[in-house]
Amino acid sequence: TAVHWFIHGGVGVLAANQWPDRPLLAISVSLGTHYLLDWLPHKDPGIASTTARWRSPEVREFLTVALPDGMFTGALALILPWLVESMPFGLTAGCVLASVAPDLIDGVAKLTNEPLLQRHLAFHNWIHYDHYRRPVDWGWNIFIHVVLFAALAAATGYLIHRNGTALAP
């Protein structure tokens, strides 16, 4: 997962609610910001190769950090529209899916030899911060996530205030 899916998913939720009447724009912004966020220096917990052993540190890191992060993001996309009355359900789910799609595509690309998916993987790796050659410590990683989370919280507060959005009764 890159810049953790929760951040990517949060951007998708915001895009869906910023442009509820312009779904193509909301989905495009959700997808595009994935690449922009991946450009930032960050640690990327996940499985880097298809030859990882079951008990390896990268599989353990995936199971303890990346998998719960992905599950939480999926739950966010499905539950949040039921809690917030004016949130568009289908568009919110679509934007969250678009915001994590590059990582999902890369996962399939690592398991197949599909040329189009391999080109995407090469592009994503090119734009992505290279945390293998230039490792990022956990302190910086936590800092960048706190900053991004604060920005998401501020943007959410702005949208709630602007739209007069309230929790569903």
Side-chain angles (χ1 to χ4, degrees), residues 1-46 48 58 61-107 124-168:
T1 68
V3 188
H4 301 300
W5 279 8
F6 179 73
I7 300 293
H8 288 306
V11 170
V13 168
L14 284 174
N17 287 279
Q18 175 64 30
W19 299 290
D21 298 328
R22 300 176 71 191
L24 189 56
L25 176 63
I27 289 171
S28 298
V29 166
S30 299
L31 179 64
T33 56
H34 182 103
Y35 300 105
L36 179 65
L37 290 170
D38 274 357
W39 176 77
L40 296 171
H42 64 282
K43 187 171 179 58
D44 223 3
E58 68 178 333
E61 190 175 62
F62 173 78
L63 292 173
T64 58
V65 178
L67 186 62
D69 182 44
M71 292 168 61
F72 182 77
T73 302
L76 175 81
L78 297 174
I79 295 171
L80 205 53
W82 283 330
L83 296 177
V84 179
E85 175 176 313
S86 63
M87 191 174 286
F89 179 78
L91 184 58
T92 300
C95 285
V96 170
L97 182 60
S99 72
V100 299
D103 289 337
L104 297 174
I105 292 167
D106 285 355
H124 196 190
N125 286 340
W126 173 76
I127 205 165
H128 200 286
Y129 178 78
D130 189 355
H131 54 87
Y132 295 110
R133 283 194 220 149
R134 295 175 289 169
V136 173
D137 67 20
W138 277 103
W140 169 258
N141 196 52
I142 290 169
F143 172 75
I144 195 71
H145 283 83
V146 166
V147 167
L148 290 172
F149 187 79
L152 279 173
T156 301
Y158 167 76
L159 276 177
I160 288 171
H161 178 74
R162 187 195 74 188
N163 295 343
T165 305
L167 292 177

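Values below: all heavy atoms of this structure, side chains included; hydrogens, waters and symmetry mates excluded. Heads up: numbering here begins at 1 and tracks the sequence.
- Residues Leu31 and Ala98 come closest through the heavy atom pair CD1-O, 3.4 Å.
- A heavy-atom distance below 4.5 Å is not found between the side chains of Leu148 and Val11.
- Between the side chain of Trp140 and the backbone N or O of Pro41 there is at least one donor-acceptor pair closer than 3.5 Å.
- Scanning both residues, Val100 and His34, for their nearest heavy atoms gives CA-ND1, 4.2 Å.
- Leu91 is listed as a side-chain neighbour of Ile27, based on a closest heavy-atom distance under 4.5 Å.
- Of the possible donor and acceptor atoms, none in the side chain of Ser30 sits under 3.5 Å from a partner among the backbone N and O of Ser99.
- Counting all heavy atoms, side chain and backbone alike, Ala15 lies closest to Val29 at CB-CG1, 4.3 Å.
- One finds the CG atom of Leu14 at 9.0 Å from the CH2 atom of Trp19 (value rounded to the nearest 0.5 Å).
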Please step through side-chain contact (heavy atoms from CB on, under 4.5 Å) for the pair Asp38 and Asp103, ending with a clear verdict. CA-CA 10 Å; Asp38 274 357; Asp103 289 337; 4.2 Å; yes

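- In this structure, Leu97 and Leu104 have side chains that are in contact, with non-hydrogen atoms separated by less than 4.5 Å.
- Side chains of Gln18 and Leu25 form no contact here, defined as non-hydrogen atoms less than 4.5 Å apart.
- Of all non-hydrogen atoms in Asn17 and Pro20, the two that sit nearest each other are O-CD, 3.5 Å.
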